[in-house]
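Numbering of ligands and ligand atoms starts at 1, following listing order. In this chain, residues are counted from 1 in sequence order. Keep in mind the model is a prediction, meaning the values are calculated, not measured.
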Amino acid sequence: MGASLPGRPPFVLRARILTPLAEGGTRYEPDGRLAVDARGAITAVEPWPASPVEPADGTGTPAIDLRPLVLLPGMVDLHVHLPQLPNAGVGAGLDLLTWLRRYIFPLEREFDEAAAEDLAPRAFRAFAAAGTTTVLAYGAVFEASMDASFRAAEAHGIRAILGKVMMDRGSYDDRLPADRVLDTSLRQSADLCARWHGRDEGRLRYAFTPRFAVSCSADMLRESAALARSTGAYWQTHLAEDHGEVREVARLFPEALDYLDVYDRAGGLGPRTILAHAIHLSAREVARLAETDTAIAHCPASNLFLASGAMRLARLRAAGIRVGLGSDVSAGPELSIFANMRAGAYTQSGLRVLGEDDTRPLGPLDWLRLGSLEGARVLGIADETGSIETGKAADLIAVDPRLVAPIEGVDSHDPAEVMSRLAFRPHPDMVRAAWVRGRRLDGPPGVA
Ligand code: GUN
Ligand code: ZN
């Protein structure tokens, strides 16, 4: 392995390359050449030429040899809570609503501007170190902390879609009189969207973020969805994560057919909506998600950590619903999307053991696709990121397969085996570098 890592485009890398392809299937180059132009776009993905040739892309840049590192597309984390990162790994064993009250609301209450200025830069470095180059995240209810979080994402270089949490029922923010909460939250969210949605040629975007039906009035859900529609921003919330939550939503919205219908009546369903969890759903709800092209963030480690339920992933995919992966820190204990692939695969195995899923199990390359290209499809940005293909942005990570080998010296050039070890034996240091648009992100440790 050679020279120092490129920090900015243009550059050429020599490495193993493993990526899902937009047209279907996977590409693996055991000795590949990846060229990135000055704008950070991928101009070539090809086998390393047998005889030295002048690069056709005219970069004239000498290649940096990263072998045996593997280049993968950067991972897409579709669901995570920025203020909750310090709590990751703590609090298993409680039901969702108790966990929120005991651990989460007190934590988010402290996420003011100063706390965000302190935490957010470290958070984005931690995402990059975990291999995530695109993140869809919730903040807390405070406007200034969201500006601070966006500023940190802007400086760091990660792709970030962020949203101020909206709550007008049982909020932890007692600084506002109750009759001003709804209007203030809508106005502040609209202002944040106006300031940040589309910044840096779309690298930063806004998601209107009503927390979930338990924390929001019908007015809050409806008005936030209308803002998302009129601005072209995203709308994100939680759906059917845990049985106690589902019962509470039925109590609060007796007129709704079911949980999804609460969001449907608010005008919240559609292609730019991302609903997290979506575990306890009727056949009607699954059909309605498909009909409206609403997307799902599957958060398997979180669902096991809080014992929320076992996602019937196959049934959502069979219905044609777009699904990607989310870490859901801190209900999920790990930022790594690779660790979430493992949790997801074990969940599907558990369902099979119990005789509750007889569909073909997803293989490691399917999990790679879910964690990258499918995540990008959920966000509607698959023409730009999610796979290593000519014309896309160079949103890449370099991982070291030696750190996931079962024993020193064991190696493989079978793409499913390579990916299987990354998913089932993820190592905290295996991501050595990450780039967005060819710009290297702070966080991963680099190469020796
Ligand atoms: N439902 C409403 N808020 C939250 C949250 O912060 N985390 C999780 N996992 N579920 C939620
Ligand atoms: Zn969540």
Q: Please check if the side chain of Ser230 supplies one atom and the backbone of Leu227 the other of a donor-acceptor pair under 3.5 Å.
A: yes

Q.
Against ligand 1, does Gln84 come closer than 4.0 Å with any heavy atom?
A. yes

Q: Ignoring hydrogens and angles, state whether a donor on the side chain of Ser282 or Glu285 is under 3.5 Å from an acceptor on the partner side chain.
A: yes

Q.
Looking at Arg195 and Asp147, is any side-chain nitrogen of the basic one under 4.0 Å from a carboxylate oxygen of the acidic one?
A. yes

Q. Any N/O/S of Asp328 under 2.8 Å from the Zn ion (ligand 2)?
A. yes

Q: Using atom types as modelled and distance alone, determine if a side-chain donor or acceptor of Arg432 lies under 3.5 Å from a backbone N or O of Leu69.
A: no

Q.
Using heavy atoms and a 4.0 Å limit, tell me yes or no: is Trp99 in contact with ligand 1?
A. yes

Q. Considering only heavy atoms, which of His81, Met167, Arg211, Glu241 lies nearest to atom 10 (N) of ligand 1?
A. Glu241

Q) Roughly how far, to the nearest 0.5 Å, is the CG atom of Leu18 from the CD1 atom of Ile388? A) 8.0 Å

Q: May I ask you to identify, for Asp328, whether its side chain, its backbone, both or neither come under 4.0 Å of ligand 1 on a heavy-atom basis?
A: side chain

Q: For Ala331, counting its heavy atoms only, list the atoms of ligand 1 lying under 4.0 Å from any of them.
A: 9 (N)

**Q.** Atoms in ligand 1 with a heavy atom of Leu100 nearer than 4.0 Å
**A.** 2 (C), 3 (N), 4 (C), 5 (C), 6 (O)

Q. Aromatic rings Tyr259 and Tyr263: how do their planes relate, parallel, tilted or perpendicular, breaks at 30° and 60°?
A. tilted

Q) Do any of the N, O or S atoms of His81 sit under 2.8 Å from the Zn ion (ligand 2)? A) yes

